[in-house]
Amino acid sequence: MLLAALACASLDASVIIPAELRTLTVEAQSIVLGRVTDVRGQVRRDRRRIDSFVVFAVDDAVKGPAQRTIVFKTLGGQVGRYRTFVPGSPAFAPGDEAVIFLGRGAVPYPIGLSHGVFRVRRDARTGERRILSPPMLLDPKYAMTVRRADGARVPLPLHRFLTMVRRAAAGQQ
């Protein structure tokens, strides 16, 4: 009986296809480079989930109004001993540096959950700030398989990535 019930049950899943850089740029209300200064969890009114409000010190406003600080929201977070985890949603900690593509809304949010977050890493040898190139930047015209450690994706220098974003933003006008 249980086996028959399980055979009839439907399973739901979501697949998020990465957007091209141009699409992310067009959809973004603002694109900023900066650093996380604070993260605060807040319980939703329905008390079923926690969201995080991230305070972000802006070093460079690539698109949108120039502001010194932006507060944006992500799904999931922690309040005291309670924690909500939302698969695919970015988590932040003070000191994290990133380029964030923020969506339109009363409280901005990273577009496509983690797809709108490009984390900045420092090269251990040179100290150069870099971003791991997302798969859609390699060649968005062709389908490709992404494999861990295959060597096809190499980190881009931050200035080169920002140049690509600025060109995409200029092309939308």
- Item | Pairwise distance CD1(Ile111) to CD(Gln29) - rounded to 0.5 angstrom | 9.0 Å
- Exercise: identify the closest heavy-atom pair between Ser89 and Ser114: C-OG, 3.7 Å
- If you measure from CZ on Phe118 to CD on Glu97, what distance do you get to the nearest 0.5 Å? 15.0 Å
- Closest non-hydrogen atoms of Gly77 and Ser52, given as atom of the first, atom of the second and distance, are CA-OG, 3.2 Å
- Task: Determine yes or no for a side-chain-to-main-chain donor-acceptor pair under 3.5 angstrom, with Gln42 supplying the side chain and Arg44 the backbone.
- Result: no
- Item | Ile50 CD1 to Gln78 CD distance, which is reported to the nearest 0.5 Å | 7.5 Å
- Message: To the nearest 0.5 Å, what is the distance between CG on Leu113 and CG on Leu75?
- Response: 6.0 Å
- Shortest non-hydrogen contact between Ala91 and Asp96, atoms and distance: O-OD2, 4.2 Å
- Item | Connected hydrophobic set around Phe92, excluding itself, where side chains approach under 4.5 Å | Val32, Val36, Val39, Val54, Phe56, Val58, Ile70, Phe72, Ile100, Leu102, Val117
- Considering residues, nucleotides and ligands other than Arg49, do more than 12 of their heavy atoms fall under 6.0 Å from its CZ? yes
- Item | All pairs passing side-chain hydrogen bond (donor to acceptor under 3.5 Å, both in side chains) where residues 30-39 contributes a residue, at least two apart | Arg35-Asp59, Asp38-Arg40
- Query: Between Arg122 and Gly127, what is the shortest heavy-atom contact and its length?
  - Reply: NH1-O, 3.0 Å
- Message: As an exercise, state the distance from CD1 of Ile31 to CZ of Arg166, rounded to the nearest 0.5 Å.
- Response: 9.5 Å
- Message: Could you check whether any side-chain N or O of Lys73 sits under 3.5 Å from a backbone N or O of Asp51, counting only pairs where one atom can act as donor and the other as acceptor?
- Response: no
- Would you check, one step at a time, whether the test side chain to side chain contact (heavy atoms under 4.5 Å, CB included) holds for Leu33 with Val120? CA-CA 9 Å; Leu33 163 66; Val120 176; 4.1 Å; yes
- Task: Using the six-membered ring wherever Trp is involved, compare the ring planes of Phe101 and Phe161 and label them parallel, tilted or perpendicular (cut-offs 30° and 60°).
- Result: perpendicular
- Which distance, rounded to the nearest 0.5 Å, do you find between the CE of Met164 and the OG1 of Thr25? 9.5 Å
- Non-hydrogen side-chain atoms of Leu158 and Val99 separated by less than 4.5 Å: yes
- Donor-acceptor contact below 3.5 Å, side chain Lys63 vs main chain Ala28: yes
- Item | Minimum heavy-atom distance Leu24-His115, with the two atoms named | CD1-O, 3.6 Å
- Note on the structure: All heavy atoms of Val71 vs all of Val107, minimum pair found to be O-CG1, 4.3 Å
